[in-house]
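Numbers restart at 1 for each chain; the letters A, B, ... are given by sequence-line order, proteins then strands.
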Amino acid sequence: MSDDRIRSIIFLILLLFPPGRLLAAEIVVGMSAAFTGPSKGLGIELYRGSTAYLEHVNRTGGIYGQKIVIKAYDDGYNPIPAIRNTIKLIEQDNAFLLFNYVGTPTVTRILPLLKSYKEKFVYLFSPFTGAEPLRQPPYGEYVFNLRASYSNETEGLVDHFVSAGKNRLAVFYQADAYGRSGWDGVKKALGKNFGLKMVGEATYRRGAEYSQSFIEQVDVIKKASADVVISIGAYAVCAAFIRDARNAGLNIPIANLSFVGSESMADLIIQSSRSAGKDYTKDLINSQVVPSYQDTALPAAQEYRQLMDKYQPLPPRDITEAGYAPLPQSYVGFEGFLNAKLLVEVLKRLGPGPTKNRIKGIVESIQSADLGIDAPVAFGPHKHQGLDKVYYTTLKGDLFVPLLEWRGREK
Amino acid sequence: MAGAGEMSRASLFTKTLILIVVLFGIIATATSILSGWNLYRNLTQEYQSKGVAIAKSIADSSVELLLNADVSTIQSVVDQFTEIEGVSYVIVFDGQGEPVSHTFVPAVPGDVLELQRRTQTQVVNGAAATNNLSIKGMGDFLDVALPILAGVAGYVHVGMDKSLIRSRIWSAVATQQGLMFIIFLLSVLVAYALVNRISQPLKQLAGHAGKLATQDFSEPETGPSDIGHLPVSSHDEVGELAKSFINMEHSLRQSVRELKETTAVKERIESELKIARDIQMSMVPKLFPPFPLRPEFDLYATLVPAREVGGDFYDFFFIDDNHLCFAIGDVSGKGIPAALFMAVTRTLFRTTASKVSRPEEILSLLNRELCRDNDSCMFVTVFCAVLDTRTGEVEYSNGGHNLPYFVSHDETKPLKNTGGMALGIMEDATFRSEKLRLRGGDRLFLYTDGVTEAMDEGGNQYSEARLEDFLHQANGFSVSEIIHDAVEHVRRHSAGTPQSDDITVLALKFLLRVAQS
């Protein structure tokens, strides 16, 4: 073999597989989320919040010159498309990491994929779910969560309610891994901390619409003589449940988890309050995993509102249904914004020419990162959840505002 | 005729249709039940094993998860299985019997919880328990329950939807019945065509048979038969029938032709026989009273021939002025030969009587003449008498004939026999004469055996006894009255039976009163 030939082969190899990422102009992160269907508000707002920050980073030089691009696919909040999208993102789009996935039933199903691609060092960053399997063996090591878990949220809710004298808790939940995760959180919190059992439970099928009736479920809860309901569902159904419960005279406090996307739910509730001439907005408590974006004391909240106003990011084209009116700001959007901040932080720490195999070590070494909120973000080899603080909000007017006084909820 | 054909075809078709409907009804019901049952059994089995497999798979993958209390992942596992066709629900209980993951909306039915309580005591040794579960408002299910880690970790129930089995059965049965219906329609069409094919020839046959009644079989066939094509076109019973029909017609035509010929021959013979009878009748005197100028006696005779010409005769004539010869005879046998022989006898009798005058001589001579050249071996019985009109003396001789009766006012008796045999048998036969004297009013009654042997329906002969009685009672009648009454009497006796023999009677009444010397 002549030297010329060896040289030309090496050249060809270098051309096809350039060393490092120096030659790549973009870092592609893959996202599969609900951009259609009853939970589309979550995927879209999460995407828009992230995009606002990434746009800002990209316009101010990127990460060591590389731009960050979100390659987004729609899974409609269904597991099978989520799996398909994930494979496509890894195999075809060569995503650097997976980012901003939405939903428990979808994400829990792609976890084994992460394990099977472990040679490729595929990590999922900041999925929009608080489910336990993302935080526990055997798959917890492939996921880096930012938000607090559902059990953090449910435990907090249960603690507050029981402390406020509400012992008869019932759960209204989605009949899938998400609902079960929240259900389990409530159950464990009741049992472990207070030796109580939930008095009733009702399920609904994932994918149900706002227009459907949930009077059956309301009846189940009513029969259990509950004095609090914790809903673990998607915003459209949770809003419909509130509507049907109030219509049926079930006027007890109804709590919802962060997953509902408070603004999306508030929109529906306010709409139906108007059309029915009834006030459905009372006694609603939503737990959040990010602080209120209206709290201007937080630098991140200021930055979020400023960048959202500035860029007014659009939903991803091609995969979004027409007729969706983007929210100016939202808890979900703010979570997306913070997710993007964490991503940028991680990429920065990876240095120029980031490689996947180093991701785990870098993230686990983050002791205390400041994203501009009231809590620092910390990871560790056995800690793949950056935040664990839960914030409680209640609907006032057309906004979910921080809930300050639990006793005030009592009659 | 066409209407009847249409009707017969319609009724044939209706019968066939009813038969087909009944048959198909039975087949459809039987196959539906059988395949439905088979399908139900197989599907239930398939569903059960499917349920067991799913339950096993869930149980296997849930052990660790249950022990780690990772119900969210269990729910995720459970959800995956509800995507499988036929799986209606999955529920996992923990070791304490509390449901930890399930797919029920809006809540776990009480029936399932109840079943789990039963299952905990029912399932042993890790075997699956299958129960039929009917959940109010949800339907019927096949519940497969399996313990996880021998029940320590918990239990899994998989509910297989029975309505799917039912709908599959119905769709299979519907498909099958659809196919059956198509076959049924085809069968009806085929049956209609077949019935048409059978009834068309039958109709033609019926039409043909109807025409036969008005057909003239004596005429030769005009052209080919209008059902001649049937034996060729229908190779079946109908064809056979048509063939028989044509053969029958041929035979009918032939026998009619033969009958016609036979009738013609018979008619010819009969006309010849009639001529023969006319000739025969013309040979006996028929003009009565025969001798109106002779007051000494009265004579009347008649010959009533049988249908066939026979061999009876009578005759009378004057030999000279004072002697009246009269005779009666009966030739053996019947028909033309007898008639001819009678004619010969009658002719010879007249010739003979002109040569000799005594009765025994007449018979002897006649016998000799008849015997000569009598190759046919025929014979004739003859009674011959000669009356002397002046004295009333009668000399008679008998050749084998029935003896005439003598009838006076006080007695009726047969004449004394002269012992002669029938003529034409022996050439040298001898005959004797007897004499008697008639007085005024005495009568002689001559007859042939056609009188005494006339039979009634019971086979009883008229007999001499009846004749004697009749003659006795007829005393004082005129000879013509006696003859007419005698014939009438015999006819009455044999009423209802055909006349088998000539009836010949001759009566003579002597009127002259002669002074006894």
> Given the options A:A175, A:P133, A:S181, A:P105, which has more heavy-atom pairs under 4.5 Å with chain B than any of the others?
Replying inline: A:P133
> Between A:D74 and A:T36, is any side-chain donor less than 3.5 angstrom from a side-chain acceptor?
Replying inline: yes
> Which one, A:R205, A:R109, A:E216, leads in non-hydrogen pairs under 4.5 Å with chain B?
Replying inline: A:R109
> Does a side-chain heavy-atom distance below 4.5 Å link A:F128 with A:V107?
Replying inline: no
>> Quick check on B:V77 against chain A: is it the side chain, the backbone, both or neither that has a heavy atom closer than 4.5 Å?
In response: neither
>> Only pairs of heavy atoms separated by less than 4.5 Å count here; which of A:D184, A:T104, A:T108 has the most with chain B?
In response: A:D184
> Parallel under 30°, tilted from 30 to 60°, perpendicular over 60°: which one fits the rings of A:F259 and A:Y77?
Replying inline: tilted
>> Report which part of B:E83 has an atom under 4.5 Å of a heavy atom belonging to chain A: side chain, backbone, both, or neither.
In response: side chain
>> Which label fits A:W183 and A:Y173: parallel for a plane angle under 30°, tilted from 30 to 60°, or perpendicular past 60°?
In response: tilted
>> Can you tell me how the ring of B:F93 sits relative to the ring of B:H157, calling it parallel under 30°, perpendicular over 60° and tilted otherwise?
In response: perpendicular
> Highest number of heavy-atom pairs under 4.5 Å with chain A: which of B:L65, B:V78, B:V100, B:T103?
Replying inline: B:V100
> Given that the side chain runs from C-beta out, which part of B:T73 has a heavy atom under 4.5 Å from chain A: side chain, backbone, both or neither?
Replying inline: both
>> Tell me if the centroids of the rings in A:F214 and A:F241 come within less than 6.0 Å of each other.
In response: no
> Any side-chain donor paired with an acceptor under 3.5 Å for A:T86 and A:Y117?
Replying inline: no
>> Less than 4.5 Å to any heavy atom of chain B: does that hold for the side chain of A:I80, its backbone, both, or neither?
In response: side chain
>> Using a 4.5 angstrom heavy-atom cutoff, name the option from B:V108, B:D70, B:D79, B:N68 with the most pairs to chain A.
In response: B:D79
>> Tell me which of these, A:R206, A:E201, A:Q136, has more heavy-atom pairs under 4.5 Å with chain B than the rest.
In response: A:E201
> Are a donor atom and an acceptor atom from the side chains of B:Y89 and B:D143 found within less than 3.5 Å of each other?
Replying inline: yes
> Among B:P106, B:S101, B:S72, which has the most heavy-atom pairs under 4.5 Å with chain A?
Replying inline: B:P106
>> Under 4.5 Å from any heavy atom of chain B, what part of A:Y150 do you find: side chain, backbone, both or neither?
In response: neither
>> As an exercise: rank B:H102, B:Q80, B:Q75 by heavy-atom pairs under 4.5 Å with chain A and give me the winner.
In response: B:Q75
>> In the structure I gave you, are the side-chain heavy atoms of A:K188 and A:S151 within less than 4.5 Å of one another anywhere?
In response: no
